[in-house]
Novice: 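Could you have a look at this structure, given as structure tokens, before my questions?
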Protein chains: 2
Amino acid sequence: MTPPKLLDEAALKERELLIINSAVLLIQTNGIENLTMDKVVAQVPFSKGTVYKHFIGKEDLLLAISNYSIKVLGDLFYRAYQFKGCARSRMLLLNFSYLIYAMLYPALFQCVMCSKSPNVVGKSSEKHINEGELLEVKLMTSIHGIVEDGLNDGSLSLPLNMDIQQICFSNWSMAYGAITLLSGEVEQCSGRTSLIVERELFNHSNLLHDGMGWQPLSKDRNHCAELKTALAELFPEELMQIKAKGRELNFESFS
Amino acid sequence: MTPPKLLDEAALKERELLIINSAVLLIQTNGIENLTMDKVVAQVPFSKGTVYKHFIGKEDLLLAISNYSIKVLGDLFYRAYQFKGCARSRMLLLNFSYLIYAMLYPALFQCVMCSKSPNVVGKSSEKHINEGELLEVKLMTSIHGIVEDGLNDGSLSLPLNMDIQQICFSNWSMAYGAITLLSGEVEQCSGRTSLIVERELFNHSNLLHDGMGWQPLSKDRNHCAELKTALAELFPEELMQIKAKGRELNFESFS
DNA sequence: ATAATATGTGACGATTCGTCACTGACGAAT
DNA sequence: ATTCGTCAGTGACGAATCGTCACATATTAT
């Protein structure tokens with residue numbers, strides 16, 4: 001065999017990314033439930049021992065994929081954060097960027113959902129668990145930025161007994177809960193429920209932001225029309241790719 | 001070997017429950033990540049083939065445990081639904097009953113979280129997947145009842161463009177999102193975040209219900225004091241058991 | 001009494017996991 | 001130039017787990 005050169009951090013990182021991308025391809029091809037370390041090893045140009053140097057097992061690999069895809073999501077969040085428009089509208093846009101992400105990258109979205117599951121966390125390395133926590137904090141920075149903008153321009157005031165971090169968390173947990181519980185409706189309408197994930201996300205966002213007294217309130221502004229325009233302007237590529245998959249954001253049901 | 005008598009539905013159900021309870025004990029002892037079919041088989045008084053007659057694999061067993069524990073959760077929800085007090089307070093109480101459930105039955109709570117994970121669902125039987133969906137619908141009946149009571153007594157009006165099912169869903173997804181994302185804080189304060197699961201659940205419930213215009217609004221009523229009283233009255237046994245575990249609901253941080 | 005059916009069993013082969021003795025490149029010491 | 005120690009990859013191997021099915025026995029139908 002050909003022994004390797006001494007490794008540096010960049011080379012290690014690159015190899016880890018190669019393994020992750022191979023695993024994502026396998027998930028797309030065979031389904032996440034059929035992912036095994038042996039199958040991943042068969043796909044990459046290194047040995048089993050080398051793969052086990054990066055990940056302590058399948059669950060750790062799933063968590064690493066989730067971490068990697070949280071970075072992708074963070075980019076979408078950041079784009080929403082940077083977009084024009086009032087703070088509240090940008091927060092709604094950010095919430096929808098999570099849904100767009102889930103529609104666009106179903107395999108990655110599945111890994112994100114797995115990463116919260118105790119049977120996955122329980123078999124993951126401290127390294128990847130800690131990395132995931134840091135990434136979730138970083139995910140919050142765009143949310144934090146939008147909330148700060150709202151506080152600064154006076155469209156939002158901190159509710160009694162709540163600090164900015166709690167506001168951020170409530171928004172994230174609302175989006176996370178709604179999209180996770182309706183994950184079966186993300187790729188296409190399953191027919192199993194009358195709930196429509198984009199409509200419920202929209203309504204739930206509005207209830208939460210109205211509850212915060214975040215202006216303009218729902219009774220004062222048609223957030224839906226503005227959201228459609230903003231999505232078309234910020235995510236034209238993404239919306240086209242989603243459309244190419246046979247899925248289109250459904251606004252008829254609530255505008 | 002001793003061949004069995006012809007089976008009836010009740011006997012099958014009883015045996016399935018025995019397997020489930022054995023698996024829960026194993027989860028409590030070894031952790032959910034170490035559960036295997038071979039270990040479960042070693043614990044029950046039947047053969048491997050018999051266990052495989054009930055569950056197609058480990059993931060299917062996890063989903064069946066989740067379904068079983070959703071029934072336990074449904075009982076708590078129903079108790080909250082039946083409690084005295086205004087509709088909004090009862091909904092807050094119901095949300096907290098999910099947290100109490102998570103604190104009281106961590107192994108079952110972990111199974112509920114696993115049940116949403118794609119790598120578990122992907123390896124589960126249609127029977128248990130369908131059963132789970134029906135149970136989630138049944139879980140909604142108590143939520144539905146409280147919302148109807150609110151609509152009937154005028155404390156709540158349907159928000160524009162939303163029906164009663166969507167209201168129910170938004171409450172459930174809020175509770176689900178908050179408790180799942182802070183699942184690391186349920187059994188004890190991890191020190192990894194300043195967020196406190198009971199405080200965030202309380203605040204998020206209030207934001208959502210205020211957003212719905214559900215009276216009495218947060219600015220008009222101290223929901224916290226009423227919640228403490230109601231919890232002490234409805235769940236005294238449960239709160240004592242939680243205290244015996246070294247965990248106590250933390251109200252100092254937000255009253 | 002006999003044949004068909006129902007149901008449980010656990011040995012077995014397959015798959016997957018996770019490790020480690022072995023290998024060769026590289027750099028330091030002589 | 002040679003030798004030795006270190007570094008890092010390898011994939012055969014044994015262990016663990018999965019999932020099945022030929023076999024055994026009781027029950028039911030003929």
Side-chain angles (χ1 to χ4, degrees), chain A residues 1-19 22-23 26-27 29-65 114 119-120 122-128, chain B residues 1-19 22-23 26-27 29-65 114 119-120 122-128:
Chain A
M1 62 177 136
T2 314
K5 294 183 173 66
L6 281 171
L7 289 175
D8 60 6
E9 193 72 14
L12 275 171
K13 207 56 184 170
E14 188 181 346
R15 192 166 69 192
E16 185 154 315
L17 214 51
L18 199 155
I19 298 170
S22 298
L26 280 169
I27 292 172
T29 305
N30 303 331
I32 199 168
E33 70 277 8
N34 294 312
L35 183 76
T36 70
M37 291 297 270
D38 278 355
K39 283 170 180 157
V40 174
V41 162
Q43 289 297 307
V44 298
F46 344 98
S47 71
K48 189 181 232 184
T50 299
V51 173
Y52 271 90
K53 254 179 123 67
H54 289 275
F55 311 101
I56 66 174
K58 183 179 75 172
E59 288 77 12
D60 196 37
L61 174 54
L62 281 176
L63 184 50
I65 298 172
C114 285
N119 62 329
V120 166
K123 278 188 168 180
S124 298
S125 61
E126 284 294 311
K127 170 195 167 192
H128 288 126
Chain B
M1 62 181 133
T2 315
K5 296 185 172 66
L6 280 171
L7 291 175
D8 59 7
E9 194 70 15
L12 274 170
K13 207 57 185 170
E14 187 181 348
R15 195 167 67 190
E16 186 155 314
L17 212 52
L18 199 156
I19 297 170
S22 297
L26 280 170
I27 292 171
T29 306
N30 302 330
I32 197 169
E33 70 278 7
N34 294 312
L35 184 76
T36 70
M37 292 296 270
D38 277 355
K39 283 172 180 157
V40 174
V41 162
Q43 288 297 310
V44 299
F46 343 99
S47 71
K48 190 178 231 186
T50 299
V51 173
Y52 271 90
K53 254 181 122 70
H54 290 273
F55 310 103
I56 65 174
K58 183 179 76 171
E59 289 76 12
D60 196 36
L61 174 54
L62 280 177
L63 183 49
I65 298 172
C114 285
N119 61 328
V120 166
K123 278 187 166 180
S124 298
S125 62
E126 283 294 312
K127 171 195 164 190
H128 288 126

Novice: Rounding to a whole Å, what distance do you find between B/His54:NE2 and C/dT7:C1'?
Specialist: 11 Å

Novice: Identify which nucleotide among D/dG11, D/dA8, C/dG10 has an atom closest to any side-chain atom of B/Ser47, counting heavy atoms from C-beta outward.
Specialist: C/dG10

Novice: Between NZ of A/Lys123 and CG of A/Leu63, what distance do you get to the nearest 0.5 Å?
Specialist: 14.0 Å

Novice: What protein N or O atoms touch nucleotides 17-21 of chain D N or O atoms at under 3.5 angstrom, if any, and at what distances?
Specialist:
residue	atom	partner	partner atom	Å
D/dC18	OP2	B/Met37	N	2.7
D/dC18	OP2	B/Asp38	N	3.1
D/dG19	N7	B/Lys48	NZ	3.2
D/dG19	O6	B/Lys48	NZ	2.9

Novice: In this structure, how many angstroms lie between the P atom of C/dG8 and the CG atom of B/Asp8, rounded?
Specialist: 12 Å

Novice: Measure CG/A/Leu12 against C1'/D/dG9 and give the value in whole Å, please.
Specialist: 12 Å

Novice: Phosphate oxygens OP1/OP2 of C/dG8: is one of them under 4.0 Å from a side-chain N or O of B/Lys53?
Specialist: yes

Novice: In the structure shown, which nucleotide is the Watson-Crick or G-U wobble counterpart of C/dT19, with both distances under 3.5 Å?
Specialist: D/dA12

Novice: C/dC17 P sits how many Å from A/Asp60 CG, rounded?
Specialist: 13 Å

Novice: Do you know which two heavy atoms are closest between B/Phe55 and B/Glu16, and how far apart they sit?
Specialist: CZ-CG, 3.5 Å

Novice: In whole Å, I'd like the distance from the CZ atom of B/Phe46 to the P atom of C/dT9.
Specialist: 8 Å

Novice: Excluding sequence neighbours, so at least two apart, what forms salt bridge (Lys or Arg N to Asp or Glu O under 4.0 Å) with A/Lys39?
Specialist: none

